[in-house]
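Below is one structure, written out as structure tokens, with a few remarks after it.
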2 protein chains.
Amino acid sequence: MVYTVGEISKKLGIPASTIRYYDKEGLLPFVERSSGGIRMFKEDDIPGLEIIECLKKTGMPIKEIKHFIDYCVEGDSKIDERLSIIEAQKNAVIKQMKEMQSMLDMLNYKTWYYQTAKEAGTCAIHDRMDLKDVPKKYHRYKLPKSSAIIPMTSKTVSW
Amino acid sequence: MVYTVGEISKKLGIPASTIRYYDKEGLLPFVERSSGGIRMFKEDDIPGLEIIECLKKTGMPIKEIKHFIDYCVEGDSKIDERLSIIEAQKNAVIKQMKEMQSMLDMLNYKTWYYQTAKEAGTCAIHDRMDLKDVPKKYHRYKLPKSSAIIPMTSKTVSW
DNA sequence: AGTTGACTTAAAGTTAACTTTAAGTTGTAG
DNA sequence: CTACAACTTAAAGTTAACTTTAAGTCAACT
């Protein structure tokens, strides 16, 4: 079974223009052509496209993906280099996931904050709220109760 | 305690030019100015900058962040809208994390693949390998053993 | 053989998010 | 009062990753 660029585009959910762009950037040296110059994607090409997608989705720039592909085409003499690239990317993903988790923690706090504000009808509930009424997991986000008199000219906003 | 743009830049690890750009895009309407026009960041502005960072790091475009900030400045009348935005972003982050996890799964497989290939000195070990010698968690990535005779003209690559 | 839809390329255009530059102003230290 | 580092703005420049356009070619069908 072989696919044209339009067919593989549908199959993978990637625009055909994007696939052509990747080819132009040297990411698809393994894709063969018909005698008339039409790209013919084989079943065996799909894992290659999937690893490209994986690296792209995890934030690797096209040029770096090309280096990896170049090593793959070079064959067994570049196994070490390929392993290093994959391991580095794995660590990058772990780091990204940790960051995502801490952003999610903050969004969970904000969700609680606005749900509480919604019930009370005002964000000011949080200025008045005592730390003991805030769930423990959200303590680190809570600002100390301000005793300052906020001037009318200040652009203070409740988040 | 107040900070100039350079000071807040150091404190948050964001380039001063980026902070000025955010201000120009309307993300920082709450930042006051000295009589001479110098930005003066208050302690109270830091949570605002942190929520902006959180939304940015989780992929929200600057223009959408501006909408959220606009609602914050509008005050208690826009609590519902703010809650909706935060909840939508929370769901977006959950989705991103699931995607990241599946990319990580693939990178773990690739790590195993190249470690094994490194020991064997060739990626061809995987073409010869029986499914029973592949750890169960990696079965879904394993291609069936090809019995086809690969022509010398084919650009087949081992990934 | 002709039509037609999908393919080809090179080149130009788009977008987001900054960054840099240039010319000028502010504010602190001596 | 002067020097000077850090601030200000508007405008132009940068980069990555596509997308679009235009002009032409391929191949399947009648």
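Order of the sequence lines sets the chain letters (A, B, ...), proteins ahead of strands, with each chain counted from 1.
Of the residues near DNA chain D, A:Gly37 and A:Ser17, the one whose nearest nucleotide (by heavy atom distance) lies more toward the 5' end is A:Ser17. Where B:Pro61 and B:Ile38 each meet DNA chain C at their nearest nucleotide, the meeting point lying more 5' is that of B:Pro61.
Note: NZ (B:Lys66) to P (C:dA16) measures 15 Å, nearest angstrom. The separation between A:Asp23 atom CG and D:dC18 atom P is 14 Å, rounded to whole Å. Distance A:Ile8 CD1 to C:dA6 P: 17 Å, rounded to the nearest Å. B:Tyr3 has its OH atom 18 Å from the P atom of D:dA6, to the nearest Å. Taking atom CD of residue B:Glu25 and atom C1' of nucleotide C:dC18, one finds them 10 Å apart after rounding to whole Å. Going from atom CD1 of A:Ile65 over to atom P of D:dA17 covers 8 Å, rounded to whole Å. If you take CE of B:Met60 and C1' of C:dA17, they are 16 Å apart, rounded to a whole angstrom. As a whole-Å value, the separation of B:Ile14 CD1 from C:dT19 C1' is 15 Å.
Between A:Glu32 and B:Lys155 the shortest heavy-atom distance is OE2-N, 3.4 Å.
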(request) Might you work through the side chain to side chain donor-acceptor pair (under 3.5 Å) test for A:Gln101 and A:Asp105, ending with a clear yes or no? (result) CA-CA 6 Å; A:Gln101 184 57 59; A:Asp105 292 344; 3.0 Å; yes
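A sub-4.0 Å separation between OP1 or OP2 of D:dA17 and a side-chain N or O of A:Tyr22 is absent. At the phosphate of C:dT25, neither OP1 nor OP2 sits under 4.0 Å from any side-chain N or O atom of B:Arg39. In terms of phosphate contacts, A:Arg20 brings a side-chain nitrogen or oxygen within less than 4.0 Å of OP1 or OP2 of C:dT8. The phosphate of C:dA17 (OP1 or OP2) has no side-chain N or O of B:Thr18 nearer than 4.0 angstrom. Distances shorter than 4.0 Å separate none of the side-chain N or O atoms of A:Thr4 from OP1 or OP2 on C:dA6.
Using a 4.5 Å heavy-atom cutoff, the side chains of A:Ile46 and A:Ile8 are in contact.
Checked against the 6.0 Å centroid criterion, the rings of B:Phe30 and A:Trp159 qualify as a close aromatic pair.
For the pair A:Lys24 and A:Tyr21, the cation-pi test (distance below 6.0 Å, angle within 45°) is failed.
Listed nucleotides: C:dT19, D:dA16, D:dC7. Nearest to the side chain of A:Lys63: D:dA16. Comparing D:dA17, C:dT8, C:dC18 by their nearest atom to the side chain of A:Ile62 picks out D:dA17. For A:Ser34, the listed nucleotide lying nearest its side chain is D:dA27; candidates were D:dA27, C:dA17, D:dC7.
Across the helix from C:dA1-D:dT30 to C:dG30-D:dC1, the helix axis at one end is tilted relative to the axis at the other end by 0° (nearest 10 degrees, each axis from five pairs).
By the 6.0 Å contact criterion, NZ on B:Lys118 is open, its count of non-hydrogen atoms from other residues, nucleotides or ligands being 12 or less. Heavy-atom contacts from other residues, nucleotides or ligands closer than 6.0 Å to CE of A:Met97 number more than 12.
Using a 4.0 Å cut-off between a side-chain N of Lys or Arg and a carboxylate O of Asp or Glu, A:Asp23 and A:Arg20 do not qualify as a salt bridge.
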